[in-house]
Amino acid sequence: MRRLASLVMIPLLGLTFAGCASSDDTTTSLRIAATSSLTEVFNDIGEQFMQDNPDITIAFNFASSSDLALQISQGLPADVFASADVKNMAKVTDAGLLHGQPITFATNSLEIVVEKGNPLFIDSLAQLATPGLLFVTCPIEVPIGGYTAEVLRNAGVTVTVASLEENVKGILTKVALGEADAGIVYRTDILAAGNSVTGVPIADNINVNPLYVVGVLQDSRNQDASQRFIIFLNSEQGQKIFSQFGFGPA
Amino acid sequence: MTTHFNFSVAQGDFNLKIDASVNDGEVLAVLGPNGSGKSTLLRLLSGLQQIDTGHISSRNILWDSPADDIFVEAQQRRVGVVFQDYLLFKELSAVENVAFGLRAQGVNKATATEQARALLQQVGLSEYLHKKTPTLSGGQAQRVALARALAIQPHLLLLDEPLAALDVATRQTVRRDLRRYLSSFQGAVVLVTHDPIDAYALADRVLILENGQVMQIGTLNEVTAHPRSRYVADLVGTNLITGHASGVTLTTSTGITVVLADQAEGDVFAVIKPQAITIVTSNELTSSARNTWPGVITDIDRSAERCRITLHGPLPLVAEITMAAVESLALRVGDEVFAVVKATEVEVYPR
Amino acid sequence: MTRQRSRQSSLPWPMLALAGVSVAFFALPFAGLIWRAPWSKVTDILSEKSVGTALWLSLETSLITALISCIFGVPLAWLLARVNFPGRSFVRALATLSMVLPPVVGGVALFFSFGRRGLFGQYLNDWFGIRLPFTTAGVVIAQCFVAMPFLVLTVEAAIRQLDSRYEDAARTLGASRLYVFRRITLPSIKPALVAGVALAWARALGEFGATITFAGNLPGTTQTMPLATYLALESDPEAALILSLLMITVSFVVLVGLRDRWLGHQRNDLVS
């Protein structure tokens with residue numbers, strides 16, 4: 001039995017040590033929890049940042065902002081949190097888990113997403129109210145759901161919703177597969193999706209510009225490296241990459 | 001009306017080839033050692049398995065004939081089967097078991113139950129109609145199984161070791177009852193057994209099946225009088241010798257000579273009844289008997305009135321002598337003795 | 001029959017210890033839920049109309065799924081267990097594929113087959129005007145896809161273990177194969193069938209990934225309890241806890257009740 005116990009114990013200890021091994025003398029390993037809509041751009045940013053800072057390696061953890069906010073409150077080991085909205089960042093800030101104040105580093109805008117080639121010739125928000133049209137969005141609590149509601153309200157359009165998707169990817173998938181006719185997503189998502197879907201711009205006067213905010217977590221043991229990463233986001237070099245992916249300036 | 005079967009079927013290395021028939025009102029016992037193909041024969045006759053070549057027919061209706069692309073499935077043949085461990089449906093009562101076949105064929109519940117009740121009454125089970133079958137004794141279960149098979153009024157009744165599952169005490173009474181029920185059955189009966197007593201008690205004719213082949217078929221007397229294999233000889237409890245005869249001498253494959261009373265030629269069988277063998281302790285005392293073979297006693301079976309002595313020697317034999325003879329000769333296992341047989345007691349028939 | 005009472009000392013303690021760990025492993029997450037649940041808000045949350053709607057939809061769809069799984073799954077199980085046809089192992093693997101497929105991927109696969117642009121769904125849509133995604137029927141399809149294998153596997157194993165001689169016996173009595181199945185096979189596999197239905201039902205009740213992907217999420221139409229719970233996790237984590245507990249309670253009551261009702265004192269099946 002003693003042998004059995006040690007067999008169980010060894011892996012457990014291993015796990016514990018692996019969890020602690022965050023840094024050593026030469027390189028700093030930075031763990032960044034970021035909203036999944038930043039996946040593509042952050043991979044580029046990270047590469048550039050690591051080139052400029054050879055002493056820092058970056059590991060990303062992409063998930064929805066609300067999932068990450070919840071996980072951080074449950075002790076997710078991370079140094080930096082980048083959220084797609086202010087609301088989820090506020091959950092972390094309010095819980096006292098953020099070191100200092102969050103900083104805006106990018107903005108986005110919304111577009112109507114339709115099936116590739118726009119077979120239904122949708123060119124305005126008003127058309128989304130067409131009877132029988134399958135419009136998908138997210139619940140109000142998910143940032144894109146809230147923004148969609150805001151844009152539709154701005155345009156004075158009432159739509160019938162076919163489904164409240166879990167996240168932006170859910171909207172994109174259904175539209176790309178032709179199972180849903182339209183949705184409203186971030187401009188950057190349509191760019192990232194390439195030619196699997198088509199985007200229809202929304203007029204600036206009714207569009208919304210969500211803010212992307214970032215902050216260093218209280219529990220981070222790499223405060224300095226984290227700050228350097230956040231500064232890089234707002235640097236000229238960083239902002240250039242954001243604009244390549246369709247993001248607006250902070 | 002007759003049920004004919006003349007077929008062959010292969011199962012891996014095992015080949016079963018049988019040509020036989022059984023008349024209505026007749027009981028054919030199929031005797032054979034384990035693995036001889038008895039159970040396969042029943043599966044083929046009942047339609048649970050198909051033959052490879054040949055045909056099976058009953059009352060001039062083809063049941064199975066691969067050449068004609070005919071195969072009548074089990075549920076469409078009128079074959080009643082009493083399985084070895086009866087296979088009574090455990091969640092059903094005795095009367096529901098017997099009524100099962102009728103119900104399956106669309107007979108309404110009241111009629112089926114009435115007929116089942118009558119059948120169970122015939123086999124003396126009217127007090128057990130509503131008993132769940134697992135609570136029945138072995139003998140009762142056997143009778144329910146028989147009633148269930150008879151309920152569908154089969155043309156052919158198959159019995160698979162119908163008494164094997166019973167203890168010795170009940171076996172005798174059940175066998176006697178079975179004999180009574182079978183005698184009143186109009187159709188043909190095939191009874192598979194490894195117990196010669198079943199064949200003696202129940203069958204009109206016997207088919208000896210060994211290794212998938214029919215060794216012998218005929219009335220019980222024919223078969224036991226002239227066994228053609230070691231298995232049959234052992235069943236009958238007699239000594240079978242195989243050899244080549246020339247004049248009044250038979251020579252076995254191992255070179256032992258047997259003196260015969262009458263002239264014979266060619267390949268022959270010879271039987272020597274155990275009772276015809278005398279045991280002596282010295283071969284000087286031989287008188288009118290003309291065959292004397294040495295042997296060592298390997299077994300003395302005193303369970304019957306007469307003792308059965310098993311001899312191991314150039315010619316293995318079983319002798320049957322009186323208890324008094326055993327005592328007076330003070331025979332023990334391991335004794336070296338001589339078996340003496342008169343030439344007139346050696347019966348020879350061609351192979 | 002007398003039952004021998006087993007004394008504690010004869011039980012192998014390493015087995016007991018490991019079994020105890022398993023029990024704790026299953027119990028602790030529920031204990032955690034109960035511990036963190038905001039009990040003061042229970043009545044408020046449960047009295048919300050949306051909760052009732054989601055629960056009702058969940059029960060309705062999962063029960064229909066269990067029924068459909070039974071109707072189609074039992075014959076499939078029988079086919080796999082009893083009929084030796086070429087490609088049988090291929091069919092078996094096919095029928096259990098959805099167990100290893102991540103449910104979300106399963107949902108996408110359902111789009112490709114039953115969606116309005118899918119292999120088969122396009123004809124449903126063009127010829128009959130039937131659209132499955134974003135409908136309650138779509139929820140049932142998604143649930144069947146992931147839940148039915150549990151029933152098929154359970155029932156197939158049971159049919160395999162049956163002594164087929166009883167079915168042979170029934171056939172020699174003139175029973176057609178269907179009658180044999182109904183009167184002999186089915187009663188014998190009842191415990192496994194009940195277990196299979198319960199498993200399929202439980203799986204359907206908890207189904208999330210394939211449902212949200214294929215059927216979407218709309219209260220009253222396709223938003224089942226797991227969807228409502230998961231989405232509540234984002235907006236109102238406390239409500240999510242209560243909803244989880246409600247689901248657990250409902251399934252617990254049904255599963256325990258089912259066992260007592262159908263398998264309670266049944267020690268043996270028709271053919272042992």
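So that the names make sense, note that chain A is the first sequence line, chain B the second, and so on, each numbered from 1.
Of the residues considered (C:Leu231, C:Thr213, C:Val104, C:Thr222), C:Thr213 shows the highest number of contacts with chain A, using heavy-atom pairs under 4.5 Å. Between chain A and the options C:Tyr230, C:Phe134, C:Phe214, heavy-atom pairs under 4.5 Å are most frequent for C:Phe134. The candidate with the highest count of non-hydrogen atom pairs below 4.5 Å against chain C, out of A:Gly170, A:Ala69, A:Pro139, A:Ala180, is A:Ala180.
Under the 4.0 Å criterion applied to side-chain N and carboxylate O atoms, A:Glu115 and C:Arg117 are assigned as salt-bridge partners.
Residue A:Leu70 touches chain C through its side chain alone, counting heavy-atom pairs closer than 4.5 Å. A:Lys87 does not touch chain C: none of its heavy atoms, backbone or side chain, sits under 4.5 Å away. In this structure, chain A has a heavy atom under 4.5 Å from the side chain of C:Phe208, while its backbone stays farther away. Heavy atoms of A:Ser66 lying under 4.5 Å from chain C belong exclusively to its side chain. The contact between A:Ser64 and chain C is made entirely by side chain atoms (from C-beta outward), counting heavy-atom distances below 4.5 Å. Using a 4.5 Å cut-off between heavy atoms, A:Ile140 does not touch chain C at all.
At least one donor-acceptor pair under 3.5 Å links the side chain of C:Arg131 to the backbone N or O of C:Pro133. Formation of a donor-acceptor pair under 3.5 Å by the C:Thr136 side chain with backbone atoms of C:Thr221 is found in this model. Judged by distance alone, the side chain of A:Gln127 and the main-chain N or O of A:Phe121 form a donor-acceptor pair under 3.5 Å. Panel note: side chain A:Ser65, backbone A:Asn88; no donor-acceptor pair is recorded below 3.5 Å.
When only modelled atom types and interatomic distance are considered, A:Asn108 and A:Thr188 share a side-chain donor-acceptor pair under 3.5 Å.
Within the 6.0 Å centre-distance limit, the rings of A:Phe62 and A:Phe60 are counted as a close aromatic pair.
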